[in-house]
Asks: 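My questions all concern the structure below.
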Amino acid sequence: MSVALSRLEAHPRLALGHFPSPLVRMKQLERALGAGRELWVKHDDYAGPGFGGNKVRKLEYELAAAVAAGATDVLTVGGIRSNHCRITAALAARLGLRCCLVLNGAAPGEGVGEPASHAMDRWYGAETRYVDRGSERAAAMVRWADELPSEGRRPYMIPLGASTPLGACGFARAVLELRAQCEALGWRPGAIVHATSSGGTQAGMVAGLWLAGWRDVELAGVSADESAETIGGMVRRLVHGVEGLLGLPEGAMTAAAPVFVEDGFIGEGYGVPSEAGRAAARLLARNEGIVLDPVYTAKAMAAVLAKLERWGAGPLVFWHTGGQLANFQLGPE
Ligand SMILES: Cc1ncc(COP(=O)(O)O)c(C=O)c1O
């Protein structure tokens with residue numbers, strides 16, 4: 001085993017998710033599309049706590065650091081429908097930590113019509129504060145953290161999306177998990193496609209592909225919001241952080257692997273459902289019984305469908321990163 005790999009294996013992590021997540025062939029989708037290649041889905045939407053999703057893997061590392069630091073409270077930030085905040089709240093409840101969320105957007109009224117994800121933040125016992133704009137969240141979190149020591153509490157702050165080098169280690173590990181599943185099945189993917197936004201998932205996968213020795217597997221992150229240039233820069237910076245954590249020189253992992261972000265499927269903007277995304281979500285539900293979310297995974301699947309023959313050769317793995325609660329709001333009890 002390489003030194004970098006053994007450093008990853010040795011890094012403190014709390015086993016909070018339900019892994020390995022299922023890897024399933026989408027035969028009905030292949031048939032419906034007349035696809036000339038195998039299509040597989042890696043179900044991180046079934047990762048467990050907080051209704052699952054890609055944040056579970058990142059938080060296994062970030063929360064291990066919080067517990068090691070003796071934290072009593074974890075603070076993080078997101079939009080009012082944030083999957084990351086909801087999953088942080090669920091895992092904090094499981095660990096007996098208080099969860100403090102700074103959310104941007106108008107505080108939704110409680111009850112009927114409330115976004116389901118926000119209602120779950122409450123159910124999991126998180127405390128919430130609200131700011132108008134995304135750009136105000138980080139400073140509000142720092143102010144909140146500064147208040148806590150005088151109350152005898154020990155805060156631990158997790159940045160947006162847990163997209164830190166530490167959080168990205170969760171997805172480096174995830175690629176090794178996929179490699180073990182593929183080896184057992186006797187094939188190797190030609191391409192992996194997933195939704196990308198704050199870059200931690202993609203950075204972890206870049207690192208994981210390097211550690212797995214899968215240099216020829218194409219990786220495409222499909223942007224939910226920012227330009228390819230912006231997200232590509234964030235991903236590269238995070239990978240450099242992972243290199244540092246694993247004792248590698250800067251650039252070791254990115255030198256051979258260009259970071260590819262597809263930004264042609266954002267539509268009208270972050271969180272605004274696109275027509276191509278809606279069509280992709282209908283297709284997956286009707287042919288595979290798979291539920292996508294309108295913000296991230298439906299747009300990523302729209303990209304898969306539009307570019308089916310262009311990414312890699314051989315089986316394509318669509319990495320389902322979760323988020324389905326965005327389809328729901330509370331109804332009458
Ligand atoms: C469902 C879902 N998919 C994909 C992403 C993108 O992941 P990342 O922020 O690590 O790029 C997120 C979070 O932003 C998400 O909630």
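The residues of the chain are indexed from 1 along the displayed sequence. Start at 1 and go down the list; that is how both ligands and their atoms are numbered.
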Asks: Hey, is His194 one of the residues with a heavy atom under 4.0 angstrom from ligand 1?
Replies: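 Under 4.0 Å: no for His194.
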Asks: Among Ser197, Gly200, Gly322, Gly221, which one puts a heavy atom closest to atom 6 (C) of ligand 1?
Replies: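 Going through Ser197, Gly200, Gly322, Gly221 one by one, Ser197 has the nearest heavy atom to atom 6 (C) of ligand 1.
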Asks: May I ask you to check whether Thr297 has an N/O atom sitting below 3.5 Å from an N/O atom of ligand 1?
Replies: no
Asks: Which of the numbered atoms in ligand 1 are below 4.0 angstrom from a heavy atom of Gly199?
Replies: 8 (P), 9 (O), 11 (O)
Asks: Taking the six-membered ring for Trp, are Trp187 and Trp40 ring centroids under 6.0 Å apart?
Replies: yes
Asks: Going by the atom numbers of ligand 1, which of them fall below 4.0 Å from some non-hydrogen atom of Lys58?
Replies: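 In order of number, 8 (P), 9 (O), 10 (O).
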Asks: I'd like to check which ligand 1 atoms, numbered from 1 as shown, lie under 4.0 Å from a non-hydrogen atom of Gly323.
Replies: 1 (C)
Asks: For ligand 1, which atoms, with element, lie under 4.0 Å from some heavy atom of Ala195?
Replies: 4 (C), 6 (C)
Asks: Check the angle between the aromatic planes of Trp319 and Phe171 and answer parallel, tilted or perpendicular using the 30° and 60° thresholds.
Replies: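 Trp319 vs Phe171 ring planes: perpendicular.
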Asks: Using a strict 4.0 Å cut-off to heavy atoms of Asn54, name the atoms of ligand 1 that fall inside it.
Replies: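 Contacts of ligand 1 toward Asn54, numbered from 1: 2 (C), 4 (C), 5 (C), 6 (C), 7 (O), 10 (O), 12 (C), 15 (C).
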Asks: Would you check the N or O atoms of Gln202, main chain and side chain alike, for any that come under 3.5 Å of an N or O of ligand 1?
Replies: no
Asks: Using a plain distance cutoff, I'd like to know if Asn83 has any nitrogen or oxygen under 3.5 Å from a nitrogen or oxygen of ligand 1.
Replies: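 The answer is yes, given that Asn83 and ligand 1 share an N or O pair closer than 3.5 Å.
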Asks: Nearest 0.5 angstrom please: Met120 CE to Leu330 CG, how far?
Replies: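 Those atoms lie 9.0 Å apart.
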Asks: Are Asn287 and Arg31 close enough, and set up right, to give a side chain to side chain contact (heavy atoms under 4.5 Å, CB included), and what steps lead you there?
Replies: CA-CA 9 Å; Asn287 288 285; Arg31 187 194 44 75; 3.7 Å; yes
